[in-house]
Visitor: 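Let me begin by handing over the structure; questions about it come next.
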Amino acid sequence: MPELPEVEVTRRGLLEQLPGRTVTAVSWSAHRLRSAIPHQLLREEIAGQQIRTVDRRAKYLLVRMASGAVLVIHLGMTGKLGVIERQTAPHKHDHLLLELDNGLDLRFNDSRRFGVVLVWLAEKAAQCEENFSLKEGLEPFGDDFTAKTLHALAQHRRIPVKALLMTSRLIAGIGNIYANEILFAARIHPLTPANQLPPAAWRLVVKETRRILQQAIDAGGSTISDFLGASGHPGYFQLQLAVYGRKDSPCLRCGQPIVKTTLAGRATFHCPACQHG
DNA sequence: CAATATACCTGGATGC
DNA sequence: TGCATCCAGGTATATT
């Protein structure tokens with residue numbers, strides 16, 4: 001589910017519910033996620049504390065407590081995070097539950113358990129966040145996400161441009177769906193070696209990345225907003241995908257059938273007629 | 001160092 | 001209906 005737009009939509013939903021609330025109790029499942037759930041830190045740093053705000057860095061949500069401690073959550077492939085009524089029956093694969101002082105719960109559900117829950121101690125949070133942020137790539141809506149920076153980043157890399165867009169240490173927030181969509185919009189063939197793209201192509205990548213991610217955020221992301229219960233959105237939103245999942249369907253620009261291939265192990269869709277290397 | 005393969009999980013779709 | 005197989009929006013780690 002979650003690439004940058006879905007994580008951002010989740011954040012905005014949580015922002016309507018969490019700031020000012022106090023966490024009255026915390027509980028967790030017996031399973032480990034990508035890493036073990038930090039029980040002790042949840043008890044010591046999160047339980048009893050007031051939530052100040054919720055930020056996002058890359059595909060991670062940062063729930064900031066008034067104390068300075070930070071609860072970090074990554075949704076992995078199947079993670080869902082939402083504020084719901086306490087009497088709602090537990091779902092299979094619920095892994096973290098924060099009881100709030102207004103009778104609602106924040107619940108994290110993740111069937112595949114590729115998600116992550118971390119806690120940064122109040123006293124160490126600033127240092128933890130700095131170290132963490134250094135390992136994450138450019139924010140697509142950040143000031144340094146420019147054609148010049150991307151062009152420089154690509155200079156010594158022959159990696160296919162699609163794989164580069166998805167390398168989270170270099171560029172944050174773009175997963176398989178949006179990488180496909182961005183390259184279709186920019187008319188760039190996904191296999192093009194990154195170092196062969198001229199500055200003009202990177203200018204297009206910057207422009208289309210921002211346009212598509214923003215459009216997806218505005219549309220409520222692709223799936224999860226129904227779970228938030230915050231914004232009053234019913235169901236979930238269907239994103240208008242131009243290539244992803246459209247194998248053999250006509251290209252929306254030229255009518256040629258969309259081709260599906262595998263690139264770096266991921267399903268890759270492109271129009272052979274209007275995306276060039 | 002750069003690029004790819006693999007591993008971590010469950011569940012839904014597909015095909016026999 | 002049952003069962004095997006494949007595939008899925010992510011990313012850390014191992015391997016070439």
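Note on naming: letters A, B, ... go to the chains in the order of the sequence lines (proteins, then strands), and numbering restarts at 1 for each one.
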Visitor: Tell me whether A:F114 and B:dC8 count as stacked here, given that the ring centres must be under 5.5 Å apart and the planes must differ by less than 30 degrees.
Guide: yes

Visitor: Rounded to the nearest angstrom, tell me the gap between atom CG in A:L33 and atom P in B:dT10.
Guide: 12 Å

Visitor: Counting side-chain heavy atoms from C-beta on, which of C:dG9, C:dA12, C:dA8 comes nearest to A:K260?
Guide: C:dA8

Visitor: Which whole number of Å gives the distance between the P atom of C:dC7 and that of B:dA5?
Guide: 15 Å

Visitor: Say you draw a straight line from CD of A:E208 to CG of A:L183; how long is it, rounded to the nearest 0.5 Å?
Guide: 10.5 Å

Visitor: With no hydrogens and no angle check, just 3.5 Å: does a side-chain donor-acceptor pair link A:R21 and A:Q17?
Guide: no

Visitor: Give me the distance, rounded to whole Å, that separates C:dT11 from B:dC1 when you measure between the P atoms they each carry.
Guide: 22 Å

Visitor: Under the criterion side-chain hydrogen bond (donor to acceptor under 3.5 Å, both in side chains), I'd like the reasoning laid out for A:Q40 against A:E44: C-alpha separation, chi angles, the key distance, then a yes or no.
Guide: CA-CA 6 Å; A:Q40 191 172 350; A:E44 294 174 358; 2.9 Å; yes

Visitor: From the set C:dG9, C:dA12, B:dG11, return the single nucleotide nearest to any side-chain atom of A:S111.
Guide: B:dG11

Visitor: How long is the line joining CZ of A:R266 and C1' of B:dA5, in whole Å?
Guide: 13 Å

Visitor: Remember a base hit wins even if backbone is also touched, and classify A:A267 as base, sugar-phosphate or nothing at under 4.0 Å, heavy atoms.
Guide: sugar-phosphate

Visitor: Nearest whole Å is fine: how far is B:dG11 P from A:R113 CZ?
Guide: 9 Å

Visitor: Return no unless some side-chain N or O of A:H74 is found under 4.0 Å from OP1 or OP2 of C:dT11.
Guide: yes

Visitor: Write down the partner of C:dG9 under the Watson-Crick or G-U wobble criteria, each distance required to be under 3.5 Å.
Guide: none

Visitor: Can you tell me the pairing partner of B:dC9 across any strand shown, Watson-Crick or G-U wobble, with both distances under 3.5 angstrom?
Guide: none

Visitor: Quick check: on DNA chain B, is the nucleotide nearest A:R32 upstream (toward 5') of the one nearest A:G265, or the reverse? Name the residue that is more 5'.
Guide: A:G265

Visitor: Say we look at B:dA3 and C:dG9: how far apart would their P atoms be, to the nearest angstrom?
Guide: 22 Å

Visitor: For C:dG9, does either OP1 or OP2 sit under 4.0 Å from a side-chain N or O belonging to A:Y244?
Guide: yes

Visitor: Regarding A:K92, tell me which of base, sugar-phosphate or nothing describes its non-hydrogen contacts under 4.0 Å with the strands shown.
Guide: sugar-phosphate

Visitor: With side-chain hydrogen bond (donor to acceptor under 3.5 Å, both in side chains) as the test, would you mind laying out the steps for A:H95 and A:S29 before giving the verdict?
Guide: CA-CA 5 Å; A:H95 293 295; A:S29 77; 2.7 Å; yes

Visitor: Rounded to whole Å, how long is the line connecting atom CZ of A:R57 with atom P of C:dT11?
Guide: 12 Å

Visitor: Measure from the side chain of A:H93, starting at C-beta and using heavy atoms only, and say which of B:dG11, C:dA12, B:dA3 lies closest.
Guide: B:dG11

Visitor: Between B:dC8 atom C1' and A:H95 atom NE2, what is the distance in whole Å?
Guide: 13 Å

Visitor: Atom CG of A:N180 and atom P of C:dG10: how far apart are they, to the nearest Å?
Guide: 11 Å

Visitor: Do the side chain of A:R112 and the base of C:dA8 come within less than 3.5 angstrom through a donor-acceptor pair of N or O atoms?
Guide: yes

Visitor: Roughly how many Å apart are B:dC9 and C:dC3, using the P atom of each and rounding to a whole number?
Guide: 24 Å

Visitor: Using only heavy-atom distances, determine whether the side chains of A:R64 and A:T53 contain a donor-acceptor pair under 3.5 Å.
Guide: no

Visitor: Calculate the interatomic distance between A:L263 atom CG and C:dA8 atom P; express it in whole Å.
Guide: 13 Å

Visitor: For A:T78 and A:D110, what are the C-alpha separation, side-chain angles and deciding distance, and is it a side-chain hydrogen bond (donor to acceptor under 3.5 Å, both in side chains)?
Guide: CA-CA 5 Å; A:T78 50; A:D110 182 11; 2.5 Å; yes

Visitor: If I take atom CD in residue A:E6 and atom P in nucleotide C:dA8, what distance separates them, rounded to the nearest angstrom?
Guide: 17 Å

